[in-house]
Amino acid sequence: MRSSHRRGRRLVALATAVAALPLTATLSQAAAAPPAPAPAPYALVPQPVSQQAVAGAGFTLTAQTRIAVLSRDSAAVGVGTYLAKLLAPATGYDLAVVKDTRVPKNAVVLDPDGPKSLGAEGYTLTSDEHGVVVRAHGAEGLFRGVQTLRQLLPAAVESRSEQTRAWTVPPAKISDSPRYEYRGVMLDVARRFYPVAQVKRYIDEAAAYKINTLHLHLTDDQGWRLAIDAVPDLTKVGASTQSGFTGGSDWYYSAADYKEIVSYASSRFMTVVPEIDGPGHTEAALASVPGLNCDDKAKAPYSGFDVGISLYCLEDGTHIGNTRRFLAAVIKEVAKLTPGPYIHLGGDETPQATPEQYAAYVKAATSAATGRNKTVMGWHQLGQSAIPADSILQYWGEDDDRESIGTAEETRSIREVRNGVAQGAKFVMSPSDHAYLDMKYDVSTPYGLSWSGYVPVQRSYEWDPATSTAKPDGTGAVVPAKKIAGVEAALWADRAYEGSNALPTPTTRWPEPQDYADYMSFPRLPALAEVGWSPQSARDWNSFRQRLAQQGPRWTAAGIGYYAAPGIPWPGVVKTVEGAHSVETGGKALDNPGGSTSDGTEPVLWSPNRGANQTWTFTPQGDGTYTMLNKSSGKCAEATGGAGAAVVQRTCDNQTGQRWRITPADNDRYTIAAAGSGLLLTAASATNGAKVTQQPDTGSTLQRWSVD
Ligand code: ACM
């Protein structure tokens with residue numbers, strides 16, 4: 001059974017088996033990290049381009065406050081109405097939205113006639129005791145600015161019931177615009193069907209973080225989710241299954257449903273990208289349309305968990321013709337229902353297709369799309385065939401691909417990307433080991449998969465789209481910076497149930513799709529939103545996690561069931577050093593390699609997963625020191641020798657060598673000093689396999705550990 005891998009070129013064992021790597025990096029290299037930017041005055045996500053706290057009292061909303069739109073433009077007035085509705089439940093105010101010609105007092109002013117230099121989405125926001133002014137060049141920029149205004153108000157503003165408190169916007173001066181024009185999120189409504197109301201809810205959640213594109217993965221092996229008039233069986237037959245479910249009759253969007261989603265998204269300045277995946281991931285179509293199969297027999301509807309099982313028949317002229325006519329009919333209707341410029345044609349995971357068959361699909365699909373004046377999008381595999389020069393490819397490779405760049409053995413993905421670049425394509429970056437929201441956060445995550453490794457929040461945050469197709473040292477980017485359209489977070493749903501390390505059973509608990517989406521997206525979607533919006537120079541993990549923590553109460557107020565991920569200083573969560581922890585520095589965790597039970601094994605750094613071999617129990621010894629016991633071995637961390645000497649694990653004896661002094665440092669970090677020598681637990685670098693020794697305090701961040 002292949003169920004353990006989807007989109008899977010890499011199988012990752014759930015307990016990390018750690019291979020020893022060459023230990024080349026030195027402490028002095030690591031200590032040369034650039035200084036962190038100054039802390040931001042306000043906890044905004046994504047971080048604006050510039051913000052200043054200004055002196056003064058701030059502006060307190062009252063029932064008499066007006067939302068004044070300095071324009072007759074209906075879209076701008078629409079943003080005013082949106083803001084009034086947003087504020088109504090928690091404040092209890094029914095704020096008047098008025099068209100005005102000048103800036104009145106006691107108002108939130110929305111001015112869409114700001115300078116063109118602000119661009120489509122840029123805005124400025126100023127607030128003082130008289131009111132708030134959001135200025136943009138058009139309604140879209142106002143909408144983005146309103147999301148910032150929302151975060152300047154108390155968290156309780158997100159509540160759906162009336163709260164009694166002062167609604168004060170602190171005095172501020174903000175100027176902002178996005179790094180990338182495309183900032184998307186993908187919902188896999190094919191494996192797991194999200195009812196319209198749940199899609200709309202998710203649109204609102206994403207729009208709060210300035211996401212501007214909703215990619216709907218509408219078709220896959222397990223379901224076809226959009227009614228097509230010309231081919232009614234696609235939803236009569238092809239929508240009767242989901243991953244793990246059979247017998248459905250309404251697991252699809254009618255044209256009216258789809259229009260409702262598109263129009264709701266548009267009211268949140270979000271473009272819908274419909275994906276009709278092919279030539280693989282097509283079992284639902286093959287179950288609905290006999291002529292798409294080489295034997296002209298419909299397949300049985302599929303509700304399983306395998307990947308790479310299906311292919312349109314592209315073996316002979318007759319069947320290529322069938323596929324071409326089918327795609328033309330489907331894409332004609334999808335194009336008609338979709339006001340946005342894009343149609344996504346999939347193209348991923350087609351193990352059985354010959355290059356000729358794959359090319360026949362790409363030709364049929366791309367000509368149907370361009371014939372309807374749509375810009376082609378596709379997974380980066382589409383680059384292996386001829387595509388229109390203005391296509392946008394979605395890169396979903398991982399660090400293994402980057403490591404192959406410039407070597408004799410570049411991965412297939414990198415070659416496909418090169419081919420796409422050569423044809424003129426632009427790229428949206430969704431590296432699976434940073435941007436796939438269905439990857440588990442860590443070993444404790446009940447849902448999802450881990451074939452691209454675990455993706456804790458820090459990993460979803462700490463990457464740069466500009467170097468996501470570059471060598472590990474950041475040079476040699478295969479996709480040039482000017483060809484990067486943006487970033488997309490992808491929430492697949494092939495394992496949207498509890499206990500997803502195994503196949504589901506009749507007693508498996510399946511959360512509502514929206515609850516799965518909340519848990520996997522929050523807090524990682526806001527991290528990816530900042531990757532897409534904020535300048536790289538304004539991004540810093542320590543600043544981000546502090547700002548992110550302040551979003552937690554907003555999600556609680558809004559009823560978003562987020563994962564209170566470790567390493568984020570969530571308000572109200574009291575931290576103690578005593579107990580079991582992941583001990584991390586530089587985004588890596590202190591790891592007992594392979595869960596060794598031998599005396600003398602030296603812990604190293606490894607990608608965090610919160611597994612037993614990365615769990616260290618701190619036990620107070622009564623003299624202000626602690627022992628650190630590894631959960632997989634039951635052995636204690638021990639200091640050997642003097643400066644530069646290794647740290648090892650050994651049978652616990654509670655002697656001085658196994659006692660550690662844990663002292664708070666900046667940013668919720670700690671130094672961990674050997675009780676005997678005072679030397680600090682020190683990582684040689686922030687790479688997998690890095691050696692951990694005892695060193696004098698150099699101030700290095702690799703001597704400052706989070707203990708969460
Ligand atoms: C993919 O993850 N198969 C695009």
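Heads up: numbering here begins at 1 and tracks the sequence. Counting starts at 1 for both ligands and their atoms, in listed order.
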Would you mind listing which atoms of ligand 1 come within a distance below 4.0 Å of any non-hydrogen atom of D348?
1 (C), 3 (N), 4 (C)
Is there a donor in the side chain of Y264 and an acceptor in the side chain of D204, or the other way round, less than 3.5 Å apart?
yes
Side chains of R201 and Q198: is there a donor and an acceptor less than 3.5 Å apart?
no
side-chain hydrogen bond (donor to acceptor under 3.5 Å, both in side chains) pairs touching residues 418-428, sequence neighbours excluded, are E410-R418
Give the atoms of ligand 1, by number and element, whose distance to some non-hydrogen atom of Y436 is under 4.0 Å.
1 (C), 2 (O), 4 (C)
Within a distance under 4.0 Å of any heavy atom of E349, pick out the atoms of ligand 1 and give their elements.
3 (N)
Looking at residues at least two apart in the chain, or sitting in another chain, which of them share a ring pair (Phe, Tyr, Trp, His ring centres under 6.0 Å) with F245?
W510
